[in-house]
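Here is the structure we will look at, set down as structure tokens.
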Amino acid sequence: MSFFELINKRESCRDYSDKKVDKELLIKCIDAARLTPSACNSQPWSFVVVNSEEKSPLVAQCTQTNGINKFTANVPAFIIICEEEAKLIGGVSQKYAQGDVGAATLNICYAATELGLSTCIMGSVDREKLKELLALPESKNIRLVLAVGYANSDKVRNKVRKSIDEIMTYIG
Ligand SMILES: Cc1cc2nc3c(=O)[nH]c(=O)nc-3n(C[C@H](O)[C@H](O)[C@H](O)COP(=O)(O)O)c2cc1C
């Protein structure tokens with residue numbers, strides 16, 4: 001698969017099969033996150049990987065907020081993506097950390113796609129409930145939760161996006 005094919009193939013999956021995910025594949029996804037560039041190489045992220053028949057359904061419940069994300073009920077694995085303190089040249093600053101965490105999240109999504117997995121990034125999460133469930137410190141800054149599993153269908157949807165004209169100013 002070429003890079004551009006990979007970009008097209010990645011999409012938010014909201015229909016997962018019951019197939020389990022190998023731990024080794026999840027480690028490869030985290031390795032892709034590890035290699036993400038970040039401001040001053042501050043790497044302001046950490047990841048909690050939940051791949052458990054017992055715990056994954058409980059994480060799913062924490063994502064089912066505001067009447068959405070009901071599809072997570074049978075998702076086999078989740079990656080909880082946390083923002084950590086960013087030490088930049090000149091001192092600690094979170095100015096770029098959220099962008100860095102977003103970039104790491106996408107690297108995970110692309111790695112997962114390459115490995116035949118499907119993902120859905122979720123921002124709508126009950127963070128307090130999730131921290132309690134996983135015994136994470138109150139100070140943990142959970143930015144996103146990623147659903148990871150195998151899609152029920154391999155049909156790729158058309159991407160709904162703004163046109164290039166709407167988003168690009170070209171100065172030639
Ligand atoms: C920061 C962020 C938060 C998101 N939160 C949710 C969410 O809580 N539930 C959900 O179903 N999709 C969520 N999405 C997925 C977006 O809806 C999706 O990426 C967008 O509609 C584009 O579709 P695609 O990912 O299939 O290309 C989120 C995506 C991002 C980047």
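First listed ligand is number 1; within each ligand, the first listed atom is number 1. Bear in mind that the values here come from a model prediction, so they are computed numbers and not experimental data.
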Q | K129/E132 ion pair, N-O < 4.0 Å | A | no

**Q.** K140 bridged to E83 by N-O distance under 4.0 Å
**A.** no

Q. So, does E166 use its side chain to make a donor-acceptor pair with the main chain of S163 at under 3.5 Å?
A. yes

Q.
Looking at Q43, is its backbone amide N or carbonyl O close enough to the side chain of R34 to form a donor-acceptor pair, meaning the two atoms are under 3.5 Å apart?
A. no

Q: Answer with side chain, backbone, both or neither: which part of V125 has a heavy atom less than 4.0 angstrom from an atom of ligand 1?
A: neither

Q) Does R161 approach ligand 1 within less than 4.0 angstrom via side chain, backbone, both or neither, non-hydrogen atoms only? A) side chain

Q. Side-chain contact, heavy-atom cut-off 4.5 Å: E85 with Q94?
A. yes

Q | Close side-chain approach of Y150 and L117, heavy atoms under 4.5 Å | A | yes

Q.
Would K28 and D31 count as a salt bridge (charged side-chain N to carboxylate O under 4.0 Å, His left out) here? Give the steps.
A. CA-CA 5 Å; K28 280 187 178 172; D31 199 34; over 6 Å; no

Q.
Between ligand 1 and F71, is the shortest N or O to N or O distance under 3.5 Å?
A. no

Q) Based purely on interatomic distance, does R14 place a nitrogen or oxygen under 3.5 Å from a nitrogen or oxygen of ligand 1? A) yes

Atoms of ligand 1 close to [X] [distance to a heavy atom under 4.0 angstrom, numbered from 1]:
| X | value |
| --- | --- |
| R10 | 24 (P), 25 (O), 27 (O) |
| S124 | 8 (O) |
| L144 | 1 (C) |
| E11 | 26 (O) |
| C120 | 10 (C), 11 (O), 12 (N) |
| R157 | 26 (O) |

Q) Of all the heavy atoms in Q98, does at least one lie under 4.0 Å from an atom in ligand 1? A) no

Q. So, S46 and E84: side-chain donor and acceptor under 3.5 Å apart, yes or no?
A. yes

(Q) Using heavy-atom distances only, which candidate in N69, N66, I121, T105 approaches atom 6 (C) of ligand 1 most closely? (A) I121

**Q.** Rounded distance [0.5 Å steps], CZ in F78 versus CG in L146
**A.** 9.5 Å

Q: Around atom 18 (C) of ligand 1, find the nearest protein heavy atom and jot down its residue, atom name and distance.
A: S12 OG, 3.5 Å

Q.
I need the nearest protein heavy-atom contact for atom 5 (N) of ligand 1: residue, atom name and distance, please.
A. G123 N, 2.9 Å

**Q.** Verify same cluster id: L115, I81 (apolar side-chain graph, 4.5 Å)
**A.** yes

Q. Atom 20 (C) of ligand 1: protein heavy atom closer than 4.0 Å?
A. no

